[in-house]
Amino acid sequence: MTSPQRAPGGFPVVGIIGGGQLARMCQPPAVNLSITLSVLAESADAAAAQVIPSAPVGSHLDLDAVLSFARECDVVTFDHEHVPQEILHALVDAGVQVHPKPEALIYAQDKLAMRRRLTELGVPCPAWARITDRAGLAAFGDEHGWPVVLKTPRGGYDGKGVRIVASADDAQDWLARGEELLVEEAVSFARELAVLVARSPSGQAAVWPIVHTVQTDGICTEVLAPAPELDAGLQAGVTHAALRIAGELDVTGVFAVELFEITDDVGGSSYVVNELAMRPHNSGHWTMDGSVTSQFEQHLRAVLDLPLGDVRPRDRWTVMGNVLGGDYPQLYSAYRHLLARDPGLKVHLYGKQVRPGRKIGHVNVCGTDLADLRMRARHAADFFEGTVTE
Ligand code: ADP
């Protein structure tokens, strides 16, 4: 494997396992900081491999490939959470600096482990149980009420591996596999929130403002930063909980806590944690244009144990709109109209083939009129998708 080329002056190489859009978006701040990135990419045309010169192709499941990749890097981090624990531990045993460490990453890989740990810490969670059979599911549903939410503990994303189950008979196919499952009460939430934290190995931490993540059919389509009209007590409680989770789990790098906000009849607000993501996260894409320090720059600073950057917003509001693939593969031809129509629009595309429903990019708009920003972000995302044509 050829070694990644370092900038003269003692600058480090950060290795990222996985060549998706998160690794790709680390490249602009890495260039500015003169840090060399190297990615272990799934394919030569992966999103990150298009923009990062050192991008050997290899699988995150192949121990030899991961080890020889990591030996060329000063620090190793991740584009996704799917590197198996055995491989993560082998990296640590080989003396590689890995952030986040396997002991932390397990809580983003395994939803049952996450529920157990957060419950131990006293962090509010939906009622939950580990089940392996129909009787376990039936008992949980009878106690907490139907429908319930059934989840595969590992490997889910964008709502895959999550389903609403109205009765024990509804889940025969999953139960037939004989594997353990996580069952949760179906939370009747007012909205979904997320809080993004960065934490360095020496323990410095920074928290961006809490955001509202708008979901459509299980996929995040829009993020409002900060979350409008958020109760001050809830804000303080969530921020405190996120920092505490980061410290207790010894998370390093950027990580996100996804939450449900619950409102009661008398206007009170509370929350439960949905899940944890230990990497830069879709709920933090707004920071690329809306915060003094983007989550991608912050992730690099954190994994290198450099001082963290200022997380304050640059503007009153930032709206992020995810661009999903539609029937319109010629994305560049959309630029002439979109960029002329809205000079304030910030476009971030990932170099991915357009496939219906696939996240292929996002847009950010910042300003003072939230309703206007939402319309502009929606319009741009729809135009890329081909659902509006003017
Ligand atoms: P993924 O790992 O695929 O992102 P999540 O656990 O975040 O899966 O669930 C996906 C979506 O399903 C959430 O964004 C939320 O809308 C819904 N959901 C998940 N858990 C619950 C729950 N306990 N109650 C109600 N809705 C839920």
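These numbers were taken from a predicted model, which means no experiment stands behind them. Every number for a ligand or one of its atoms is a count from 1 in the order of the listing.
- When side chains are defined from C-beta on, R130 does not count as touching L181, because their heavy atoms never get closer than 4.5 Å.
- Residue-ligand proximity, K151 to ligand 1, at heavy-atom distances under 4.0 Å covers atoms 6 (O), 19 (C), 20 (N).
- Ring geometry, H82 versus H80: the interplanar angle falls under 30°, so the pair is classed parallel (tilted spans 30 to 60°).
- Each of the following atoms of ligand 1 lies closer than 4.0 Å to a heavy atom of E192: 13 (C), 14 (O), 15 (C), 16 (O).
- Counting atoms of ligand 1 from 1 in the listed order, those under 4.0 Å from a heavy atom of A186 are 24 (N).
- At a 4.0 Å heavy-atom cut-off, ligand 1 touches E185 through the backbone alone.
- Per-residue contacts place E258 under 4.0 angstrom from the following atoms of ligand 1 (heavy atoms of the residue considered): 7 (O).
- Considering V254, T252, T77, D74 as possible partners of V303, the one that fulfils the side chain to side chain contact (heavy atoms under 4.5 Å, CB included) test is T77.
- Using a cutoff of 4.0 Å between basic side-chain nitrogens and carboxylate oxygens, D169 and R134 are scored as salt-bridged.
- Side chain of R244 to main chain of L121: a donor-acceptor pair is present (N/O by atom type, distance under 3.5 Å, no hydrogens or angles).
- Remark: ligand 1 and P126 share no N or O pair separated by less than 3.5 Å (distance only, no angle test).
- With salt bridges taken as basic N to acidic carboxylate O contacts below 4.0 Å, one links D173 and R163.
- The option from F260, F189, W128 that lies nearest to atom 18 (N) of ligand 1, judged by heavy atoms, is F260.
- With a 4.0 Å cut-off on non-hydrogen atoms, V149 touches ligand 1 through its side chain and not its backbone.
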